[in-house]
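Lettering follows sequence order; numbering is per chain, from 1.
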Number of protein chains: 2
Amino acid sequence: MPRQRLGTDHLSSQAAILDIIRAAGTISRVELTQQSSFSAPTVSTVVRRLIDEGLVVEVGHGESTGGKRPTLLQLNPAARFAIGVHLDHGGITSVLSDLAGTIVARWKRPGIGSQEPPEVVDRIAADIRDNLARVAVDPERVIGVGVVAPGPIFQHTRMTLTSPFMERWTDFPLASALEDAIGLPVLLDNDATAAALGEYWAGAIDVRSTFAALYMGSGLGAGIVLDGTVLRGSSSNAGEAGHLCLDMNGPQCWCGARGCAEVLGGPQRVVDAAHDAGLALTGGDVLQDFAEVARAAGRGEEAAVAILRDSARYVAVCAQALANVLDLDLVVLTGPAFALAGSLYLPVVQQHLDATFFARESHSVEVLISSNAPEAAAIGACSLVLQSELSPRRPGLRAVEVALAAGS
Amino acid sequence: MPRQRLGTDHLSSQAAILDIIRAAGTISRVELTQQSSFSAPTVSTVVRRLIDEGLVVEVGHGESTGGKRPTLLQLNPAARFAIGVHLDHGGITSVLSDLAGTIVARWKRPGIGSQEPPEVVDRIAADIRDNLARVAVDPERVIGVGVVAPGPIFQHTRMTLTSPFMERWTDFPLASALEDAIGLPVLLDNDATAAALGEYWAGAIDVRSTFAALYMGSGLGAGIVLDGTVLRGSSSNAGEAGHLCLDMNGPQCWCGARGCAEVLGGPQRVVDAAHDAGLALTGGDVLQDFAEVARAAGRGEEAAVAILRDSARYVAVCAQALANVLDLDLVVLTGPAFALAGSLYLPVVQQHLDATFFARESHSVEVLISSNAPEAAAIGACSLVLQSELSPRRPGLRAVEVALAAGS
DNA sequence: CGATCATTCTTAAGGTACTGAACTAAGTTA
DNA sequence: TAACTTAGTTCAGTACCTTAAGAATGATCG
């Protein structure tokens with residue numbers, strides 16, 4: 001007997017209203033009518049439905065402006081939960097987040113390189129069950145699992161990822177396997193894409209903004225969100241800013257091209273440069289070494305600062321490319337690498353955009369560091385699930401819808 | 001008394017159906033139900049409305065597949081017309097196009113550098129009237145004028161363009177002035193953006209495709225169309241592929257940045273290089289000189305071929321950047337420069353994408369030369385009007401809607 | 001302090017768009 | 001000619017949204 005999927009009916013109106021409430025944080029019904037394209041009665045009934053479903057709660061009253069005081073509305077964070085799993089070389093980072101994108105629980109397990117995919121899937125499922133029990137969240141309120149990883153993906157077949165670092169996972173039907181193991185719908189996506197959506201969802205970014213999230217973890221990528229909708233492109237591989245060519249005669253990249261931004265200024269390059277400069281590194285994985293470089297820079301070691309600043313110049317050019325192609329008004333720096341060294345990158349990127357963004361006479365491009373940078377990808381994975389279930393979009397969500405349909 | 005705006009009601013369904021008919025060329029109602037998300041009865045009624053409005057006509061029957069033969073539908077090209085005006089340094093190119101994007105009339109006038117904007121507006125209006133009379137098109141069937149030009153635009157104020165080549169036009173309210181002069185709604189946009197939409201509209205490109213049009217005229221730009229909707233960004237300045245940075249230490253560009261693709265491989269660079277190589281050029285405007293280089297290459301002159309091939313490498317990297325950021329499945333080369341030398345650029349771009357496109361394991365990126373390359377911008381200007389009136393989109397059309405609202 | 005007004009939100013009635021089910025139309029197949 | 005297949009329409013019902021009017025609640029002012 002199919003449990004009724006909440007929020008799937010009354011699609012457009014529910015989704016739009018909920019999204020405005022989410023972005024606003026706290027808002028009255030009147031303001032909703034102004035910010036949405038709906039009339040007051042429609043807002044009223046939609047809000048009542050949202051309240052009945054428990055997704056929204058009334059939280060007191062606002063100031064009067066000469067008449068009745070408005071009733072203020074907010075998301076009910078505890079109404080639904082989602083699980084986000086980030087597969088990366090360094091390990092599997094998972095979070096349980098509520099409706100507002102706040103982390104309720106987090107756990108991290110060793111990398112995936114050594115085990116076979118089926119074992120990893122079982123481990124992920126077991127960890128999810130354990131952690132749900134630990135924080136006493138009603139499993140009925142968990143609406144799904146988002147799984148994200150770097151690299152190009154073949155989403156239309158519900159297969160998983162193909163990056164040279166994850167060879168083992170090529171042709172393994174991760175989504176369906178995990179669905180079978182855990183009994184929840186599973187969505188699969190790119191980590192940078194997810195991080196961008198997470199920033200939109202949890203970072204209270206305006207519905208109408210045009211922004212990109214530059215994600216730096218063990219690699220460099222970007223996610224793009226336009227009018228609240230993730231830009232996926234024709235095969236869900238949009239946003240590969242790390243493979244913008246910044247030097248036509250540059251070094252070969254693993255992707256097959258030359259002079260990719262990731263090779264010239266990505267985390268691996270930072271670590272290599274630090275090594276060459278004689279900095280003492282533990283020689284762990286890329287991110288651990290990058291963290292040491294960032295700490296050295298934080299202590300004021302000039303070599304480390306110079307290396308990171310050099311990297312920042314390349315990141316800035318990536319941001320410029322994205323801004324010029326997409327006419328952005330916001331760039332968010334996120335991911336573990338920017339969590340460590342964002343304060344050094346931010347001014348470089350901001351100044352570069354101020355000086356070179358093509359339409360700067362028309363408007364500036366704001367640059368921010370995500371407040372959730374370390375777990376951005378995992379939170380983004382949660383947001384994938386939350387948005388697809390609570391605020392589904394018509395265009396551009398093909399892949400997610402396919403996955404949902406197959407997983408319901 | 002307000003004349004009823006056709007196609008503005010019943011928005012979503014009419015627009016969707018009409019768009020599918022346009023893309024298909026010829027199609028039956030049954031196929032429409034398959035390709036759209038509507039039921040057979042809905043398609044039936046919507047099609048009847050379109051036929052009543054004269055936008056669509058029945059054109060015989062298709063082959064039977066074991067039952068009743070399907071009635072085939074087509075756009076009625078003569079149902080509506082639009083005017084497209086392309087302002088560029090070399091001159092003002094205008095076309096009158098029908099619903100299918102076919103050129104009915106075209107005219108070209110000298111450049112706009114020497115005259116004051118009000119005079120130019122009067123001349124444009126007079127030319128439009130003359131040419132409508134000449135080809136005997138009922139002015140009632142002309143739904144509007146699209147005006148396009150290179151460079152960044154301030155569309156939200158209905159002002160016009162700001163490029164160093166068009167200083168005179170800064171702060172001149174082109175759209176409103178022309179509306180007053182001609183009595184038709186006027187839309188304003190970037191030339192490359194328009195060219196992309198023109199390619200979509202007149203080039204019968206599939207509704208679901210993700211494509212960009214690289215436009216090379218006197219400069220280099222791009223227009224992006226996703227799911228049939230123009231990507232405009234936050235200020236209608238998206239797609240500035242000519243100002244992607246391909247060399248961080250490259251020469252200064254007029255836009256303020258360094259190493260822009262346009263400077264390194266744009267038409268001006270081709271002309272300059274040809275000059276340096278000792279090719280005889282008449283020294284006219286950029287496009288005329290570019291045409292001579294292209295002809296020289298066509299005759300097999302090695303220096304010219306080498307120069308163009310060099311330019312093509314930069315164009316190819318632009319295409320790669322767009323493809324990687326947007327996950328494109330199609331790149332169209334258009335504009336007068338590619339009309340002249342596209343056959344030389346195309347293989348270079350195609351090979352580069354085949355070798356370096358990030359998601360090439362997932363799908364390839366097709367590269368085509370527009371069949372309307374010489375007048376692509378002007379045809380695109382027509383398409384702006386046609387689409388906004390006949391197949392309006394909700395998201396991303398902010399600027400156009402503002403213009404339409406003000407102009408109705 | 002009570003009458004009036006402003007503002008917020010809801011109820012009621014009506015219109016539009018879409019759908020499923022049943023039907024007509026027009027062919028093919030045996 | 002009868003049975004079947006495919007194309008397209010009619011009809012009644014449903015869901016959603018809107019305008020118009022009303023109810024609730026608080027501010028303002030004589």
Side-chain angles (χ1 to χ4, degrees), chain A residues 4-21 24 26-53 56-74 391-392 394, chain B residues 4-21 24 26-53 55-74 391-394:
Chain A
Q4 207 220 319
R5 180 98 62 68
L6 297 160
T8 298
D9 236 341
H10 334 293
L11 265 126
S12 48
S13 50
Q14 288 243 24
I17 298 286
L18 195 72
D19 208 33
I20 298 172
I21 297 175
T26 302
I27 194 169
S28 72
R29 288 174 178 79
V30 191
E31 289 172 294
L32 278 174
T33 67
Q34 290 157 2
Q35 291 189 34
S36 72
S37 55
F38 298 111
S39 65
T42 303
V43 168
S44 204
T45 57
V46 170
V47 166
R48 183 172 39 253
R49 258 196 308 250
L50 291 170
I51 291 176
D52 289 348
E53 287 178 5
V56 165
V57 286
E58 297 187 336
V59 286
H61 298 273
E63 287 303 296
S64 165
T65 57
K68 179 177 175 180
R69 294 164 63 196
T71 312
L72 297 180
L73 304 166
Q74 274 185 2
S391 193
R394 279 296 123 241
Chain B
Q4 207 218 321
R5 180 97 64 67
L6 298 161
T8 299
D9 239 336
H10 334 293
L11 266 124
S12 47
S13 50
Q14 288 244 24
I17 298 288
L18 195 72
D19 208 33
I20 298 172
I21 297 175
T26 302
I27 194 168
S28 71
R29 288 175 179 79
V30 193
E31 289 172 295
L32 278 174
T33 67
Q34 289 157 2
Q35 292 190 32
S36 72
S37 55
F38 298 112
S39 64
T42 304
V43 168
S44 203
T45 57
V46 169
V47 165
R48 184 171 34 256
R49 260 199 305 252
L50 291 170
I51 291 177
D52 289 347
E53 287 178 6
L55 295 170
V56 165
V57 285
E58 296 186 337
V59 286
H61 299 272
E63 286 303 296
S64 164
T65 56
K68 178 177 174 179
R69 294 161 62 194
T71 312
L72 298 179
L73 304 166
Q74 273 184 5
S391 193
R393 313 285 162 148
R394 277 299 121 239

#### Entry: From A:D19 atom CG to A:Q35 atom CD, the distance as rounded to the nearest 0.5 Å
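Going from CG on A:D19 over to CD on A:Q35, the span is 11.0 Å.
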
Starting from [atom2] on [N], measure out to [atom1] on [X] and report it in whole angstrom.
X: A:E58; N: D:dA24; atom1: CD; atom2: C1'; result: 13 Å
X: B:R48; N: C:dC18; atom1: CZ; atom2: P; result: 14 Å
X: B:H61; N: D:dT6; atom1: NE2; atom2: P; result: 18 Å
X: A:E63; N: C:dT7; atom1: CD; atom2: C1'; result: 14 Å
X: B:I27; N: D:dA7; atom1: CD1; atom2: C1'; result: 14 Å
X: B:L32; N: D:dT6; atom1: CG; atom2: P; result: 19 Å
X: B:L72; N: D:dG8; atom1: CG; atom2: C1'; result: 13 Å
X: B:I17; N: D:dG8; atom1: CD1; atom2: C1'; result: 14 Å

May I ask you to say what [X] touches in the nucleic acid, namely base, sugar-phosphate or nothing, with a heavy-atom cut-off under 4.0 Å?
X: A:S36; result: nothing
X: B:T33; result: nothing
X: B:T71; result: sugar-phosphate

### Query
At their closest point, which heavy atom of A:R49 faces which heavy atom of A:S13, and how far apart are they?
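Result for this residue pair: NH2-OG, 4.4 Å.
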
### Query
Minimum heavy-atom separation for B:V46 to B:Q14, with atom names?
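Smallest heavy-atom distance, with atoms named: CG1-CA, 3.9 Å.
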
### Query
Does B:E31 or A:T45 map to a spot on DNA chain D nearer the 5' end, using the closest nucleotide for each?
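It is B:E31 whose nearest nucleotide is closer to the 5' end.
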
Under 3.5 Å, which protein N or O atoms sit close to an N or O of nucleotides 23-30 of chain C? Give each pair with its distance.
unit_1 : atom_1 : unit_2 : atom_2 : d
C:dG27 : N2     : B:G66  : O      : 3.3

### Message
Can you confirm whether B:H61 sits close enough to B:L72 that some side-chain heavy atom of one is under 4.5 Å from a side-chain heavy atom of the other?
### Response
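Heavy-atom side-chain distance check fails, nothing below 4.5 Å.
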
### Query
Heavy atoms, side chains only, cut-off 4.5 Å: are A:L73 and A:L32 in contact?
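SC-SC contact between A:L73 and A:L32 confirmed.
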
As a test of reading the structure: which of [options] is closest to the side chain of [X], going by heavy atoms?
X: B:F38; options: C:dT19, C:dC9, D:dG8; value: C:dT19
X: A:V30; options: C:dC9, C:dT11, C:dA21; value: C:dC9
X: B:P41; options: C:dA21, C:dC9, D:dC17; value: C:dA21

### Task
Compare side-chain N and O positions of A:S39 against OP1 and OP2 of D:dT19 and report whether any pair is under 4.0 Å apart.
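For D:dT19, neither OP1 nor OP2 has a side-chain N or O of A:S39 closer than 4.0 Å.
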
### Task
Would you please name every residue forming a side chain to side chain donor-acceptor pair (under 3.5 Å) with B:T33, sequence neighbours left out?
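With sequence neighbours excluded, B:T33 shows a side chain to side chain donor-acceptor pair (under 3.5 Å) to no residue whatsoever.
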
### Query
Listed by chain and number, what are the side chain to side chain donor-acceptor pair (under 3.5 Å) partners of B:Q34, not counting sequence neighbours?
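For B:Q34, no residue satisfies side chain to side chain donor-acceptor pair (under 3.5 Å) once neighbours in sequence are set aside.
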
